[in-house]
Structures are given as structure tokens and as C-alpha cells.
Amino acid sequence: MDSSVSPTHGEQEMRVWNGHYACTCYHPLFVFNQFGDLGRCALRPGNVHSADGWKERARAGCGALLGQGLAPLFPRRCAFANPEVYEFLEAEDFKYAIPLPCQRRAAGSIGYLLKRPVGRPPIEVRRYHASFSYRAQSWSTPRRVVAKVEWHPGELYPRVGFVVTNTTRPAERVVAVYNQRGTAEQWIKEGKNAINWTRLSCRSFAANAVRLQLHALAYNLGNFLRTLATPEPIKDWSLTSLKERLIKIGAKVVSHGRYVAFQMAEVAVPRTLFAEILRLIAELRRPPDPAPA
């Protein structure tokens, strides 16, 4: 789950100045799964908090995952670090790994890791992890907190980060899962660059909300193509590459009496690769029902 910014450049309804992004904008919210598929998105005014409306989207998005037998896991930013989020996710039996704003009381639990290591400073990064039980003043119950401490060459003080979680994984694994939050930012960037879902120029807010849903549909179709029908040589192509080198490729249309031929250049996608894409798409189709005996 992540929020983003969609700058506005006209008289769109409910456009508002956002001091964090320093522009007049909308502030949409997105929910992705681990494959980059966009499960939910909502258009919001530009001045709402990053976590505004999180509960409705989280319940809807996680309900779909639970129906598939998958266990939702929420790695997010500090904007979602509040007791209401923790209590909701725990009540729904969802796992989470959410960053905790640095607090002095929490830092006191890892004081032994904050002392400069003895000896000559190394040329590589020294990284330490710790796990402890912690209860902030606004929490109703103690929760597990994982700490990561990094000593970088040439820096006087360590870099410290805290993640609150209800998982039982080792501290290193919790941090690794939390670090995957950057993939959501990458998917949002692809939606902006390849699909242009920030282009919300309608006058009314409702019309722009519909346009965002149409952009989301186009994004999912592109992501389905990338994850389900892309051969190995181009498996790592971005949505922008797929759009520019496969979808928008030029062709010459030759019409005959019984068929129409599309003559396409093989510079970006050779004919063997194009045929493999068509084969993978055909395999997604449901097989025909057997003929009655």
C-alpha cells in the first residue's frame, strides 16, 4: 500500500495544495500484490493524509488475497505507523512490517549496538540487527520491534532504523521483507511513465476518479502481459519498453481477398519472439470442453 502524487494544472475539482509535494495535486492511494498487480486504487484530494482511507482499501485488497489462500503482509512507510493500523491488522490476522519513527526509549534497548566498534574503522559497512519487545505510550500492548544498525565508513554516527512487526521471522528477514517496499514505488513510477495515470485533466472529481480506474485497468493489462506472456529474453522489460517496442510498433497493413497481413519490422521484436508471445497468450485461454460422447 502506497500513496502518490498526481499534479494538476487546471481548474480540476477538489485540487488542493500539498505542502509536502509543493504543488497543487491529487493524492491517490494504491494497493499492489507481490506480482505488481494493482488490486485497489482510490483518487483523493491533494491535502489528505497519506494513510487516509487505508482501512477500506486494506480490507478489500486483503480479502481478495485471502480468498486465494495467500497471507497478506504490509510493509509501509512511517505514515501508517499508528496504533489504529496495528490493531486492525492484528484483529484481521494480517502480518505487517511497518517502520517505527525513531524514539529515544526504543533506542535505549539497543544501546550496546550504538557504541562505536573498537579498532580501526573498516572499509566496508558493518550491519547489526536486534529484536526486542517495546511499548510506546500510545500503544495498548507491547509489540515486537526489529532494529537495524549500520556503521558506514567515514561517518561518525550509525544509521539506525526500527520496524514494528507481528511476525516471528528472524530480524534479518523482517528487514529484508520491509526493504521490498521500494518495489511498490517502482510500480507507481511505471504507472506514471508508461500509462500516464497522472493525466487527470477532467473538470469534475468523479470523472477524474473514473479516468484513474481506466488507467489502472490499462496498467494491469500491461502487467499481466509482462508476468504471464513474456518470453525469457524480454522478461525484465519495463512496461515502458513493452509499450514502445511491442505495443506501439509500426506495421504495414497489406489487405488481400481472404486475409489481412501485418508486416512489422524485426528491429525490436524478432518474429520468433513475437510468435512465442502469441503462443503464451494462447495458452492462457481456457481449453475447450470435451465433445459429448
Side-chain angles (χ1 to χ4, degrees), residues 1-5 7 18-23 25 27 30 32 34 36 49-51 73-83 85-86 95-139 142-194 198 235-241:
M1 182 179 295
D2 205 347
S3 63
S4 182
V5 57
N18 187 300
H20 176 74
Y21 295 109
C23 65
C25 62
H27 194 184
F30 302 94
F32 296 91
Q34 72 271 32
H49 188 269
S50 295
L73 179 63
F74 276 81
R76 260 307 288 139
R77 297 180 182 174
C78 294
F80 290 77
N82 65 72
V85 175
Y86 305 148
K95 303 300 181 183
Y96 61 82
I98 300 176
L100 181 69
C102 191
Q103 301 187 20
R104 293 183 178 179
R105 287 182 56 203
S109 302
I110 57 168
Y112 63 97
L113 295 178
L114 303 180
K115 297 179 181 179
R116 175 171 291 278
V118 179
R120 186 182 299 273
I123 60 175
E124 72 279 354
V125 178
R126 287 185 177 180
R127 188 173 292 107
Y128 305 93
H129 298 87
S131 178
F132 57 92
S133 179
Y134 174 72
R135 179 179 177 180
Q137 294 182 352
S138 59
W139 296 359
R143 292 183 171 90
R144 183 192 180 200
V145 174
V146 170
K148 182 180 72 170
V149 179
E150 292 182 343
W151 289 91
H152 287 252
E155 296 185 5
L156 184 60
Y157 299 102
R159 303 181 187 180
V160 183
F162 297 99
V163 177
V164 58
T165 181
N166 62 343
T167 68
T168 58
R169 300 182 181 185
E172 294 84 352
R173 288 288 302 134
V174 173
V175 173
V177 169
Y178 167 69
N179 288 339
Q180 295 175 5
R181 75 196 185 282
T183 56
E185 299 171 358
Q186 179 64 32
W187 294 328
I188 290 178
K189 185 180 296 185
E190 286 194 326
K192 290 181 177 180
N193 296 335
T198 58
K235 204 69 175 178
D236 296 329
W237 277 14
S238 65
L239 289 185
T240 301
S241 297

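This one's a predicted model, so the numbers in the text were calculated from it and none came from an experiment.
- The nearest pair of heavy atoms linking Thr198 to Lys192 is CG2-CG, 3.6 Å.
- Between Tyr178 and Val146, every side-chain heavy-atom pair lies at or beyond the 4.5 Å cut-off.
- For Ser109, the side chain to side chain contact (heavy atoms under 4.5 Å, CB included) partners two or more places apart in sequence, or in a different chain, are Phe132.
- Closest approach of His129 to Ala171, counting heavy atoms only: CB-CB, 3.9 Å.
- Other residues, nucleotides and ligands place no more than 12 heavy atoms under 6.0 Å from the NZ atom of Lys115.
- For the pair Tyr134/Val164, no side-chain contact is recorded, criterion being any heavy-atom separation below 4.5 Å from C-beta on.
- Taken to the nearest 0.5 Å, the OG atom of Ser4 stands 14.5 Å off from the CH2 atom of Trp187.
- Annotation for Tyr96 and Thr165: closest pair O-OG1, 2.7 Å, computed over non-hydrogen atoms.
- Residues Ile110 and Val160 meet the side-chain proximity criterion, which asks for heavy atoms closer than 4.5 Å.
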Passes side-chain contact (heavy atoms from CB on, under 4.5 Å), Ser50 versus His20? Steps please. CA-CA 11 Å; Ser50 295; His20 176 74; over 6 Å; no
Give the intermediate values and the outcome of side-chain contact (heavy atoms from CB on, under 4.5 Å) for residues Val5 and Asn18. CA-CA 9 Å; Val5 57; Asn18 187 300; over 6 Å; no
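- Shown here for Ala107 and Leu114, the closest heavy-atom pair between the two residues is O-CD1, 3.9 Å.
- Counting heavy atoms from C-beta on, the side chains of Ile188 and Phe32 come closer than 4.5 Å.
- The distance from the NE2 atom of His152 to the CD atom of Glu124 is 11.5 Å, given to the nearest 0.5 Å.
- Of all the heavy atoms in Trp151 and Leu113, the pair that sits closest is NE1-O, 3.3 Å.
- With values rounded to the nearest 0.5 angstrom, Arg143 atom CZ is found 9.5 Å from Arg135 atom CZ.
- Contact between Arg144 and Ser131 at its shortest, heavy atoms only, is NE-OG, 2.8 Å.
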Where do Thr240 and Glu190 land on the side-chain contact (heavy atoms from CB on, under 4.5 Å) test, with the steps shown first? CA-CA 7 Å; Thr240 301; Glu190 286 194 326; 5.8 Å; no
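- The structure places CG of Leu239 at 13.5 Å from NZ of Lys189, a figure rounded to the nearest 0.5 Å.
- The environment of Tyr112 atom OH is dense: over 12 non-hydrogen atoms of other residues, nucleotides or ligands sit within 6.0 angstrom.
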